[in-house]
Structures are given as C-alpha cells and as structure tokens.
Amino acid sequence: MEVENTQMITIISSNTIERKKILWIIFLASLSILTLIIPIIIIIPENANVEEIRTIQSIGRTLATTLQKQMKWKKKGITIAGGLKFGKQLYSAKGISLDDDNNIYITDNIQNCIVKWKIGSNSGEIIVNGGFDGDLGDGFNHLEDVIIDKYYNNSLILCELSNNRVIRWFLEKKTDPQIIVTDVECSSLALDKDGSLYVVDQKDNSVKRWKQGEKNGTTVAGGNGQGSRLDQLWNPGFILIDDNYTIYISDTWNNRIMKWVKNATEGIMFNGIINPNFLEKPQGLAMDRLGQLYIADSENHRILRWREGEKQGEIIINEYGKGRWSVYLNEPNDILFDSQGNLIVSDNGNSRVQKFVLDFD
C-alpha cells in the first residue's frame with residue numbers, strides 16, 4: 001500500500017511539474033507578443049490627445065517590462081558540454097553558437113578547434129581543426145569565436161586572432177574553407193539581419209562591417225586609437241547587433257558596455273555612469289525582446305542583466321564568486337538564449353558549457 005501511495009505521489013508530482021513547464025512555455029511564447037501589443041491593446045479614448053496616448057502606451061510598456069523582470073533562472077547550472085562530467089574533452093570554451101537542431105558549436109582556443117556538441121549527448125565531435133592543407137597554411141592560431149551564417153549555406157564563420165583573419169568553413173565539406181577577411185586581429189563576430197558581417201579588430205580597437213559582396217570593410221565603431229573617450233575602445237571583446245543596426249560592444253579593458261547607433265561618430269555608455277568596481281573585463285552579450293542586456297561579467301565570474309541607463313546591473317547567475325561546482329562560474333566568456341529561454345554560458349575557466357534553466361517555481 002505504501003509503494004502504491006509513493007508511486008501515486010510521484011506521478012502527481014511529475015504531472016504538476018510538466019503542467020508548470022507547459023504554462024511557462026506558453027507564457028514565454030505569449031510574452032514576445034505582449035511586449036509588442038500591450039501598448040496598443042490598452043483602450044485609448046477616441047478624443048485622446050498625443051500626450052495622453054503617449055502616457056497610455058508608456059503604461060503598457062511598463063506592464064510588459066514588469067512581466068520580463070519576473071523571469072529568473074535556476075541557480076545550479078547543468079553541464080551540457082565539456083567539464084569534469086564528460087571527461088576532459090574541452091580545454092577551453094570561448095565563443096559559442098547554437099543551431100536550430102540543438103547543436104552547440106564551441107570554440108576551443110587551446111586545442112585550436114571547433115567542437116560540435118549535440119545538447120543531451122555525452123561527447124562532442126571536432127569538426128574544425130588545424131590539421132588541414134591548402135590556402136590556410138599550417139593551421140589555426142588562437143581561434144576566438146564561431147558564428148553560423150544562415151545566409152550562406154549554413155556555413156560557419158571563424159574568428160582567428162593571431163593569424164589575423166576570418167575564415168568561412170563549409171559544414172558539408174564539399175567546398176574548401178575560404179579566407180574572407182585578412183589583416184584583422186579578430187576577437188569576435190556578428191551578423192545583422194541583412195547578413196552583413198561585423199568583426200571586432202583589436203589591432204586598431206574598432207568594429208568593422210562587410211556588407212554582402214563587399215571586399216573592403218567599413219569602420220562602424222571605434223578606430224580612433226586606444227582609450228576611454230566615447231569615440232574610442234580599448235581591447236573590445238564581444239558585439240551584438242540589434243534590428244536597428246545598433247552595435248553593443250563589450251569594451252573589455254574599459255570595463256564598460258558601449259552602445260553605438262547607426263552612423264554615429266561616438267558611442268553611448270549603456271551601463272550609465274561607470275562604477276569601476278562593478279564590471280570587470282566584460283565579454284559575451286545577449287539581449288531580450290525588451291532591450292535588456294545580459295552580460296558575461298568575466299572576471300567577476302557572473303552573468304548580469306542590465307537595463308539601459310541604470311548604474312548597476314542585476315546578478316542573475318552566480319552570486320558566489322569563482323568556482324567549479326554547479327552554482328559557480330569561472331571567467332564566463334559567451335552567452336546566448338536557447339529557444340526555450342534557457343541561458344547557455346561558455347564557462348571558459350572550467351572548460352565547459354553550462355545551461356541555466358528557467359525557474360518555473
């Protein structure tokens with residue numbers, strides 16, 4: 001009888017968890033729609049003037065923001081690649097990308113390779129390494145980032161710092177790799193919605209853009225020497241491009257995040273007045289639908305959520321400092337969201353990739 005009761009409790013508990021997950025998935029799907037339509041669906045009187053309409057729409061945006069602010073993630077991460085859990089298959093974890101089939105591509109800059117790891121599997125596959133012949137020479141030297149180019153046969157674009165080049169790598173292997181950009185000390189990459197390629201060039205502390213078909217890049221941020229002025233960068237790390245072609249830059253050695261709008265000659269400090277003790281060598285960036293920025297605060301070993309203009313970000317992952325257990329991070333490098341809203345973090349100092357699941361409780 002006790003066994004039957006235990007089984008019944010287990011089934012009830014399992015069903016409850018599944019219902020919670022389903023409700024949260026519905027919530028996440030609805031949130032993206034609500035973010036756009038809440039300011040519209042609130043009833044606006046026919047005789048309302050422009051100022052009243054703006055006020056009502058502002059209230060709607062506030063409601064949508066409040067919903068987004070409620071989102072939180074489990075404190076314990078799940079190792080999905082590398083680390084002690086799967087043996088020493090990764091020696092580092094720098095830039096990462098995720099495809100539509102739940103494969104994560106990991107830059108291991110110690111082994112100078114790209115590892116493809118199906119989330120849920122026990123091992124990864126080295127799909128790009130330095131052992132090749134042809135126009136690429138003897139091999140890679142400090143691979144830093146990888147992105148998936150959906151505009152060009154779902155090929156990979158690789159960022160190689162020490163050989164000063166950017167490489168296109170074809171997954172089907174029917175076409176040889178191609179050097180597409182040279183003479184850049186590349187630390188990270190991004191694509192905009194039109195398929196234009198953005199490259200962080202640490203040689204001249206700039207971000208450069210190549211539109212499709214262009215041979216020569218255009219400097220779109222920085223490039224005015226190393227420094228801390230608003231028109232300068234200092235050893236920039238990762239970048240993010242939004243739908244308005246605004247560039248967000250982790251200005252790593254200035255310990256700040258810069259927002260550079262299209263055609264601007266200088267940037268804006270996204271994180272407001274600098275608190276020099278808060279950000280420490282920021283790296284990877286991600287953004288939600290409300291424009292809230294998620295930052296890999298690398299040498300503080302944590303992930304922050306930051307709203308524009310605020311003086312201090314909110315710690316959402318790891319309040320405990322540096323470590324290797326599941327609640328810790330060690331110099332996180334890159335971050336992204338999966339399709340379910342979970343946070344994926346390349347935990348570079350621990351040579352692993354962690355998933356932090358949305359908290360349904």
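Everything numeric in this text was worked out from a predicted model, so none of it was measured. Just so you know, residue 1 is the first one in the sequence shown, and it goes up from there.
- Y105 and L158 fall within a single hydrophobic cluster, where Ile, Leu, Val, Met, Phe, Trp and Tyr are joined by side-chain heavy atoms under 4.5 Å apart, directly or via other members.
- Under a 4.0 Å N-O distance rule, the pair K203/D183 qualifies as a salt bridge.
- Looking at every heavy atom in both residues, I335 comes nearest to I295 through CD1-N, 3.8 Å.
- Side chain to side chain, D108 and S92 meet the donor-acceptor criterion of an N or O pair below 3.5 Å.
- Taking Ile, Leu, Val, Met, Phe, Trp and Tyr as hydrophobic and joining them when side-chain heavy atoms fall under 4.5 Å apart, one finds I157 in a cluster with I147, Y151, V166, I180, V181, V184, L189, L191, L197, V199, W210.
- Residues I249 and I268 fall into different hydrophobic clusters, defined by Ile, Leu, Val, Met, Phe, Trp and Tyr side chains chained together at heavy-atom separations under 4.5 Å.
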* **Criterion side-chain contact (heavy atoms from CB on, under 4.5 Å) on L233 and M258, from CA distance to verdict** => CA-CA 9 Å; L233 301 168; M258 296 301 290; 4.1 Å; yes

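- Side chains of L304 and L279 form a contact here, defined as non-hydrogen atoms less than 4.5 Å apart.
- For K259 and F270, the positive end is not near the middle of the six-membered ring at less than 6.0 Å and at most 45° from its axis.
- To the nearest 0.5 Å, atoms CD1 (I315) and CG (N300) are separated by 8.0 Å.
- Between D100 and K150 there is a salt bridge, since a side-chain N of the basic residue sits under 4.0 Å from a carboxylate O of the acidic one.
- Between atom SG of residue C159 and atom CZ of residue R165 there is a gap of 11.5 Å, rounded to the nearest 0.5 Å.
- Counting heavy atoms from C-beta on, the side chains of F356 and N342 never come closer than 4.5 Å.
- Ion pairing between E214 and R209 fails under the 4.0 Å rule for side-chain N and carboxylate O.
- Closest approach of W234 to D251, counting heavy atoms only: N-OD1, 2.8 Å.
- D338 places a side-chain N or O within donor-acceptor distance of the main-chain N or O of Q340, the cut-off being under 3.5 Å.
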* **Steps toward side chain to side chain donor-acceptor pair (under 3.5 Å) verdict (Q354, T79)** => CA-CA 5 Å; Q354 295 288 89; T79 301; 2.5 Å; yes

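- The structure places CG of N263 at 11.5 Å from OH of Y245, a figure rounded to the nearest 0.5 Å.
- Taking 4.5 Å as the limit, some side-chain heavy atom of V345 sits within range of a side-chain heavy atom of I303.
- Between P332 and A296 the shortest heavy-atom distance is O-CB, 3.9 Å.
- Because its NZ or CZ atom is not both nearer than 6.0 Å to the ring centre of F337 and within 45° of the ring axis, R289 does not count as a cation-pi partner of that residue.
- Within a 6.0 Å sphere centred on CG of L84, other residues, nucleotides and ligands contribute 12 heavy atoms or fewer.
- Closest approach of C113 to I126, counting heavy atoms only: CB-CG2, 3.9 Å.
- Salt-bridge annotation for D334 and K94: absent, with no side-chain N of the basic residue lying under 4.0 Å from a carboxylate O of the acidic one.
- With hydrogens and angles ignored, the 3.5 Å screen pairs a side-chain donor or acceptor of Q202 with a backbone N or O of P236.
- In this structure, the side chains of N129 and N112 stay at 4.5 Å or more apart for every pair of heavy atoms.
- By the 4.5 Å heavy-atom criterion applied to side chains, I257 and L285 are counted as neighbours.
- No side-chain heavy atom of I148 sits under 4.5 Å from any side-chain heavy atom of L98.
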* To do: Please test I104 against V353 for side-chain contact (heavy atoms from CB on, under 4.5 Å), starting from the C-alpha separation and ending with a verdict.
  => CA-CA 9 Å; I104 189 163; V353 179; 3.8 Å; yes

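- In this structure, R168 satisfies the cation-pi test against Y152, with its NZ or CZ atom closer than 6.0 Å to the six-membered ring centre and inside 45 degrees of the ring normal.
- Side-chain N or O atoms of N330 include none that pairs as donor or acceptor with a backbone N or O of R324 at under 3.5 Å.
- Counting heavy atoms from C-beta outward, Q232 and N205 have side chains that stay 4.5 Å or more apart.
- Residue F170 is not grouped with residue L156 when hydrophobic side chains (ILVMFWY) are merged at heavy-atom distances under 4.5 angstrom, including chains of intermediate members.
- Pairing each heavy atom of L290 with each of D288, the nearest pair is N-OD1, 2.9 Å.
- Side chain of S121 to backbone of I119: no donor-acceptor contact under 3.5 angstrom is found.
- No side-chain heavy atom of L329 sits under 4.5 Å from any side-chain heavy atom of Y320.
- Separation of atoms OG (S298) and CD (Q283) is listed at 5.5 Å; rounding is to 0.5 Å.
- For the pair H301 (side chain) and E331 (backbone), a donor-acceptor distance under 3.5 Å is present.
- Other residues, nucleotides and ligands contribute at most 12 non-hydrogen atoms within 6.0 Å of the NZ atom of K211.
- Ring orientation note: the planes of Y294 and W73 are nearly perpendicular, at an angle over 60° on the 30°/60° scale.
- E144 and N109 are linked by a side-chain donor-acceptor pair at a separation below 3.5 angstrom, with hydrogens and angles left out of the test.
- When every heavy atom of N254 is checked against every heavy atom of S228, the shortest pair comes out as OD1-CB, 3.4 Å.
- Within 6.0 Å of atom NZ in K76, 12 or fewer heavy atoms from other residues, nucleotides or ligands are found, so the atom counts as exposed in its surroundings.
- In this structure, the separation between CG on N318 and NZ on K75 is 10.5 Å, given to the nearest 0.5 Å.
- Checked against the 6.0 Å centroid threshold, F278 and W306 count as a close aromatic pair.
- A donor atom on one side chain and an acceptor atom on the other are not found under 3.5 Å apart for T107 and D145.
- Neither side chain, Q292 nor R305, offers a donor N or O lying under 3.5 Å from an acceptor on the other.
- At least one donor-acceptor pair closer than 3.5 Å links the side chain of N255 to the backbone N or O of K281.
- Remark: side-chain polar atoms of S206 are not paired, donor with acceptor, to backbone N or O of G223 under 3.5 angstrom.
- Checked by atom type and distance alone, the side chain of W117 pairs as donor or acceptor with a backbone atom of I80 at under 3.5 Å.
- Residue I179 is grouped with residue L171 when hydrophobic side chains (ILVMFWY) are merged at heavy-atom distances under 4.5 angstrom, including chains of intermediate members.
- Put simply, the side chain of K118 gets close to the backbone of D101: a donor and an acceptor are under 3.5 Å apart.
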* Tell me, with the steps shown, if D347 and R352 meet salt bridge (charged side-chain N to carboxylate O under 4.0 Å, His left out). => CA-CA 5 Å; D347 188 12; R352 66 187 181 186; 2.7 Å; yes

* To do: Quick one: do M71 and L358 satisfy side-chain contact (heavy atoms from CB on, under 4.5 Å)? Show the steps, please.
  => CA-CA 7 Å; M71 294 177 65; L358 267 173; 3.8 Å; yes

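- Between the side chains of S196 and D194, no donor-acceptor pair is found at a separation under 3.5 Å.
- Here the side chain of K193 pairs a donor or acceptor atom with the backbone of D243 at under 3.5 angstrom.
- If you chain together hydrophobic residues whose side chains sit under 4.5 Å apart, L143 and W169 fall into the same group.
- Taken from OG in S97 to CG in N103, the straight-line distance is 12.0 Å, to the nearest 0.5 Å.
- Between E314 and the choices R302, R307, K72, the salt bridge (Lys or Arg N to Asp or Glu O under 4.0 Å) rule is met once, by R307.
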